[in-house]
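Heads up, the thing below is written out as structure tokens.
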Amino acid sequence: MSSRYNHKLVEKKWQTKWEDKKVFETKINDKKKYYVLEMFPYPSGKIHMGHVRNYTLGDVVARYKKMNGYNVMHPMGWDAFGLPAENAALVEKKNPADWTYQNIKTMKKQLQTMGLSLDWKREIATCHPDYYKHEQAFFIDLLNNKLAYKKESEVNWDPVDKTVLANEQVIDGRGWRSGAIVERKKLSQWFLKISKYSEELLEDLKKLDDWPEKVKLMQSNWIGRSDGVVIKFKLVSALSEINEIEVFTTRHDTLFGASFCAISIEHPLTKKIIQKDKGAASFVKDCENIDQEKIKRGYRTNLFVQHPLIKDKRLPVFVSNFVLMEYGSGAVFGCPAHDQRDLEFAIKYGLPVIPVILPADIDLKNKSKWCKEQLKDKKKPMKGEAFVGEGILINSEFLNNKTINEAKKTVLEELIKNKIGKKQTNYKLRDWGISRQRYWGCPIPVIYKEDGSIQAVRKEDLPVELPKINNFNHSSSITLSDLNDWKNTACPSTGMKAIRETDTFDTFFESSWYYLRYCNPRLKEPFEKNEINYWLPVDQYIGGIEHAILHLLYSRFFTKALRDLGYINIDEPFRGLFTQGMVTHKTFKSENGEWLDPEEVVVDSGVFLDKGGKKVFVGKIEKMSKSKKNVINPSNIINLYGADTARWFMLSDSPPERDLEWTDRGVAAAHKFINKLWELSKSINKYSEPKKLEVFDLDTFNKLINDVSVNIEQFHFNKSVANIYEYVNYLSKLVSSKKIGKSFLENALKNLAIIMHPFIPHISEEIWCLFGGEGLCVNASWPKVKYSINKKKIKLPIQINGITRSLLTINNSLDKNTIIKVAKNDKKITKRIKSKEVIRTIYVPGKILNFVIK
RNA sequence: GGGAGUAUGGCGGAACUGGUAGACGCGCCGGAUUCAAAAUCCGGUCACUUCGGUGGUGUGGGUUCGAUUCCCUCUACUCCUACCA
């Protein structure tokens, strides 16, 4: 009897062997490098299925590339600063540092059971002073190069807990602990000047050929370049030294349709206005108080501006809540006929609507009729909708009859001539606010001296260590500003009393450069140039789509900034990017609407019941999350079925970029396959010595190598899995029909072990070993395809009028005429063409033969 | 409001640059093995059919000898983003 496959023994055995032989420890060498990186985890306590999927995908790539002769670096670390540690500190009364390091220990052990090809010698934790001291140095350099600066900015303030809240701590406008309504409060905070790199960040997206188009598009939209014009509108009478309003627009072609100007409630002019105009003051106050108001509102001031191109025309100036101070110049002109928002505003405040674009699809003969109609009911051009499409200029003096693009050009020339306008490009991308009023983060290395001056900490005094808190026993969040002993210091050069900056960095700061640090994680200096030049950029980066914008954009920015500061000399950090889908699971709810753990639910002849026999409602399939209780613990799965089963399931069926639904049946199927492989290998014992020499079927194996390779390269791992299934089915059929002998099977399985290794490394090693493979399977070379395609017999579909009617097994090297002759003699074909006329014959070698008949 | 994507059996999904639609896995059906069950193995599985065929890739149309694939129309769902001038 064959002994059942013991995954616990086997997996541990090979994991230990790999570790003992330091198989995954890498150094610079002469080989071509390949840097595989998965987004590093936050040490929350235990790994989840999202991690399992992410790291399995990366491991397939890493092992495959290694077998293909690359020098592969595949490191792992911990994104260790962050809010959950502080929450745990409050709830569990634990020191955030202890909590974090304990979690790292647990999660590392869990990851190790997955059999990942990681170089643990390179492990980093961002909360360690040896890591964050370098980013403090970067910050000082950024500050000295004016890439970091301070500015007033709003935060969420919890008036009960007296603390600043992160966005995720605000739930429905209330603090997560106190339940108090959150206030907006202005604080002076640190920013990084990412906006300086807007154009380069946008432009370099074009270089990223191995990034998903979707991510590039999202970043491009986020950067939001728009090319337009700034126009000066002269105030009819100046107000305390302000005599004009600058307006940014991309629709300068519609300037003759302008009927008002609107300025932001934060505009400098508004600040002057409200000093004299009580109505304006109360309007502004109203707008400030009503948060996230969607209704467009305006206040008509008694100011007017002169229309820049129409001599005797004045436009009223409004203060308005829909104009953003942060974008453009904080002021707009409104052309209601050709902008929906302006139209609504015009209708509300009784402003004229002047059409200046004749829609392209309206016949010129009907032009005057159309104009009349439009002007008849001034409030409702095009039936209440602004026209924003292509067309021809009307009602616009020297622009009449021009297209929109021609008009834009001509207007701009005119504005430049009159010195009241110029070209301008704006970006939506705003500077990155990096200040967090938190404890568990990297301290910002700055001191404030008694005389009010700001000074960076001297580099030789780094790191500014996060003070340890013993006996963590607080009832509300703690920040650095609460720690007086730490906060109070002195200026090292003048001896003047000083206070430390008590904000810490946004945790995106740490994750923006960790991929660089892996090259030399223990180096005193941040980087070693040779190493960086050899390993970077990351060849394949893998992670969730949720980081499409922030993390990836910040990392790109950091790379460019560090380059300009002289640390490195690459432009982009990640050559290839892959974004994986989520792991989902069914949700269950009880009668009273509470979420239920899947383990509490049993299926009884198609009906879902809880343990008490009550009916359970099956909800949507959603991303695994604690709140919905639809979480499957990877450790349980690995313990029960083994890492190979978990990995195989993660790779089967679902394409990596799509969501993967976790099902018990799917896991069972994966497990079945692992066992089947083992049974097949053990079946070798049933064979006695071969009676005759056997020839290993190279053609089928070549096809397997070819298909699996192509599918791995294209990230179609689900297809590679299907390829392997197909081959194993083929083998087991040969075995059960007794068509092959021992040496054939040995040969086939030994070779198959190599092909399967990136996916299910443990059992592959075991099979490799069983059949006397040399050394370790993990070190084996990926086989080369030796193809001989021409000789092959193929099945050629024979069509009549494009519908397949017969299948011919023929030699592919036969010439066209012979094939046609053979096909015409085929019974099924003869029958159909004998009384008809063949008017065309289409032959595509190796693909089809088609007779067109009448 | 703007942008992107998806739609194929009972289910997850295959089908290279237009060339046998449904690979592979699950489920289901039948059989073998078993005292019985689990496990395992073998066979079948798009629908209809008068067994000759006919229809079929969200809807309707088009291009083509031939369309899941290319073009247009509509529908549904998903994701991102949102007063960006």
Side-chain angles (χ1 to χ4, degrees), chain A residues 2 4 212-215 217-218 220-222 224-226 228-229 247-252 254 262 264 292-297 320-324 326-335 339-342 344-345 388 426-430 545-546 548-549 581-582 648-649 652-655 657-661 663-670 672-673 675-676 679 707 710-711 714 716 718-729 732-733 735-737 795-808 831 838-844 846-853:
Chain A
S2 59
R4 218 168 143 74
E213 288 303 320
K214 184 166 66 164
V215 175
L217 188 73
M218 280 164 76
S220 166
N221 290 339
W222 188 261
R225 175 180 163 138
S226 69
V229 167
V247 158
F248 177 73
T249 180
T250 54
R251 288 304 303 271
H252 35 297
T254 64
S264 162
Q292 290 174 345
E293 167 123 43
K294 290 276 173 190
I295 305 159
K296 293 161 194 50
R297 302 197 307 157
S320 191
N321 66 342
F322 72 79
V323 182
L324 302 172
E326 304 86 46
Y327 188 74
S329 53
V332 297
F333 82 78
C335 173
D339 182 290
Q340 190 59 33
R341 190 188 43 203
D342 292 348
E344 282 163 28
F345 195 82
V388 293
N426 277 340
Y427 302 87
K428 278 194 251 176
L429 181 65
R430 314 241 189 99
I545 186 80
E546 65 273 21
I549 297 174
M582 299 181 296
W648 191 248
F649 173 64
S652 306
D653 292 352
S654 297
E657 69 277 10
R658 285 203 221 169
D659 287 354
L660 174 141
E661 192 198 344
T663 61
D664 293 342
R665 279 176 180 162
V667 187
K672 192 169 116 182
F673 175 72
N675 284 322
K676 183 177 175 167
E679 293 305 318
D707 292 351
V710 167
N711 287 326
Q714 297 178 350
H716 296 157
N718 56 320
K719 291 198 234 166
S720 303
V721 166
N723 300 143
I724 292 170
Y725 266 119
E726 229 165 357
Y727 189 73
V728 172
N729 287 346
S732 72
K733 262 177 205 145
V735 169
S736 67
S737 62
K795 284 179 180 169
L796 187 73
I798 312 301
Q799 302 183 332
I800 287 171
N801 291 342
I803 300 165
T804 304
R805 295 298 181 185
S806 185
L807 209 55
L808 232 51
K831 188 174 74 180
V838 177
I839 52 171
R840 225 176 127 185
T841 305
I842 296 139
Y843 173 59
V844 185
K847 300 265 170 142
I848 53 111
L849 175 64
N850 186 16
F851 296 113
V852 184
I853 62 169

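Chain identifiers are assigned alphabetically (A, B, ...) following the order of the sequence lines, protein sequences preceding nucleic acid strands; residue numbering begins at 1 within each chain. The figures that follow rest on heavy atoms only: side chains count, while hydrogens, waters and symmetry mates do not.
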Please check the phosphate of [N] (OP1 and OP2 only) for any side-chain N or O of [X] closer than 4.0 Å.
{"X": "A:Ser652", "N": "B:rG12", "result": "no"}
{"X": "A:Asn718", "N": "B:rA14", "result": "yes"}
{"X": "A:Asn729", "N": "B:rG25", "result": "yes"}
{"X": "A:Arg665", "N": "B:rC11", "result": "no"}

Task: Test applied, side-chain contact (heavy atoms from CB on, under 4.5 Å); reference residue, A:Ile853; option that passes from A:Ile839, A:Thr841, A:Ile800 - done: A:Ile800
Expressed as a whole number of Å, how far does the [atom1] atom of [N] sit from that of [M]?
{"N": "B:rA38", "M": "B:rA32", "atom1": "P", "answer": "14 Å"}
{"N": "B:rG60", "M": "B:rG56", "atom1": "P", "answer": "10 Å"}
{"N": "B:rG10", "M": "B:rG27", "atom1": "C1'", "answer": "7 Å"}
{"N": "B:rC16", "M": "B:rU63", "atom1": "C1'", "answer": "23 Å"}

- [ ] Specify the glycosidic conformation (syn or anti) of B:rG13, with syn defined as within 90° of 0.
- [x] anti
Open item on the list: Does B:rG52 count as syn, meaning its glycosidic angle lies within 90° of 0, or as anti?
Closed with: syn
Should [N] form a Watson-Crick or G-U wobble pair with both distances under 3.5 Å, which nucleotide is its partner?
{"N": "B:rU20", "answer": "none"}
{"N": "B:rC51", "answer": "none"}
{"N": "B:rC41", "answer": "B:rG31"}
{"N": "B:rC77", "answer": "B:rG5"}
{"N": "B:rA15", "answer": "none"}
{"N": "B:rG10", "answer": "B:rC26"}

Task: Check: A:Gly581 main-chain N/O paired with A:Asp659 side-chain donor or acceptor under 3.5 Å - done: no
Open item on the list: For A:Arg297, is there any backbone N or O sitting under 3.5 Å from a side-chain donor or acceptor partner on A:Asn321?
Closed with: yes
[options]: which one has an atom nearest the side-chain heavy atoms of [X]?
{"X": "A:Asp653", "options": "B:rC83, B:rC24, B:rA4", "value": "B:rC24"}
{"X": "A:Thr250", "options": "B:rC42, B:rA85, B:rU20", "value": "B:rA85"}
{"X": "A:Val323", "options": "B:rA85, B:rA14, B:rG19", "value": "B:rA85"}
{"X": "A:Lys719", "options": "B:rA23, B:rA15, B:rU54", "value": "B:rA15"}
{"X": "A:Ile842", "options": "B:rU20, B:rA85, B:rC65", "value": "B:rC65"}
{"X": "A:Val852", "options": "B:rC24, B:rG19, B:rC65", "value": "B:rC65"}
{"X": "A:Pro655", "options": "B:rC80, B:rG13, B:rC41", "value": "B:rG13"}
{"X": "A:Phe248", "options": "B:rA85, B:rG13, B:rU81", "value": "B:rA85"}
{"X": "A:Arg658", "options": "B:rC65, B:rC24, B:rA14", "value": "B:rA14"}
{"X": "A:Lys296", "options": "B:rG53, B:rC83, B:rA14", "value": "B:rC83"}

Checking all strands, does [X] fall into the base, sugar-phosphate, or nothing category for heavy-atom contacts under 4.0 angstrom?
{"X": "A:Lys428", "answer": "base"}
{"X": "A:Arg805", "answer": "sugar-phosphate"}
{"X": "A:Ser226", "answer": "sugar-phosphate"}
{"X": "A:Asn723", "answer": "nothing"}
{"X": "A:Lys733", "answer": "sugar-phosphate"}

Task: Smallest separation among heavy atoms of A:Asp339 and A:Asp342, with atom names - done: OD1-N, 3.0 Å
Between atom [atom1] of [X] and atom [atom2] of [Y], what is the distance when rounded to the nearest 0.5 Å?
{"X": "A:Ser720", "Y": "A:Asn711", "atom1": "OG", "atom2": "CG", "answer": "4.5 Å"}
{"X": "A:Leu807", "Y": "A:Gln799", "atom1": "CG", "atom2": "CD", "answer": "10.5 Å"}
{"X": "A:Phe248", "Y": "A:Phe333", "atom1": "CZ", "atom2": "CZ", "answer": "11.5 Å"}

TODO: Quick one: sort the A:Phe673 and A:Trp648 rings into parallel, tilted or perpendicular, breaks at 30° and 60°.
DONE: parallel
Send over the distance from [X] [atom1] to [N] [atom2], rounded to a whole Å.
{"X": "A:Gln799", "N": "B:rA21", "atom1": "CD", "atom2": "P", "result": "7 Å"}
{"X": "A:Lys847", "N": "B:rA67", "atom1": "NZ", "atom2": "C1'", "result": "15 Å"}
{"X": "A:Ile848", "N": "B:rU64", "atom1": "CD1", "atom2": "P", "result": "17 Å"}
{"X": "A:Glu213", "N": "B:rA4", "atom1": "CD", "atom2": "C1'", "result": "11 Å"}
{"X": "A:Lys672", "N": "B:rA39", "atom1": "NZ", "atom2": "P", "result": "9 Å"}
{"X": "A:Phe322", "N": "B:rG1", "atom1": "CZ", "atom2": "P", "result": "19 Å"}
{"X": "A:Lys676", "N": "B:rC24", "atom1": "NZ", "atom2": "P", "result": "11 Å"}
{"X": "A:Asp339", "N": "B:rG1", "atom1": "CG", "atom2": "C1'", "result": "11 Å"}

Task: Of A:Ala331 and A:Arg840, the one whose closest RNA chain B nucleotide lies more 5' - done: A:Arg840
Open item on the list: Return whichever of A:Pro797 or A:Tyr327 has its heavy-atom-nearest nucleotide of RNA chain B closer to the 5' end.
Closed with: A:Pro797
Task: Contact check, side chains of A:Tyr843 and A:Leu796, non-hydrogen atoms, under 4.5 Å - done: yes
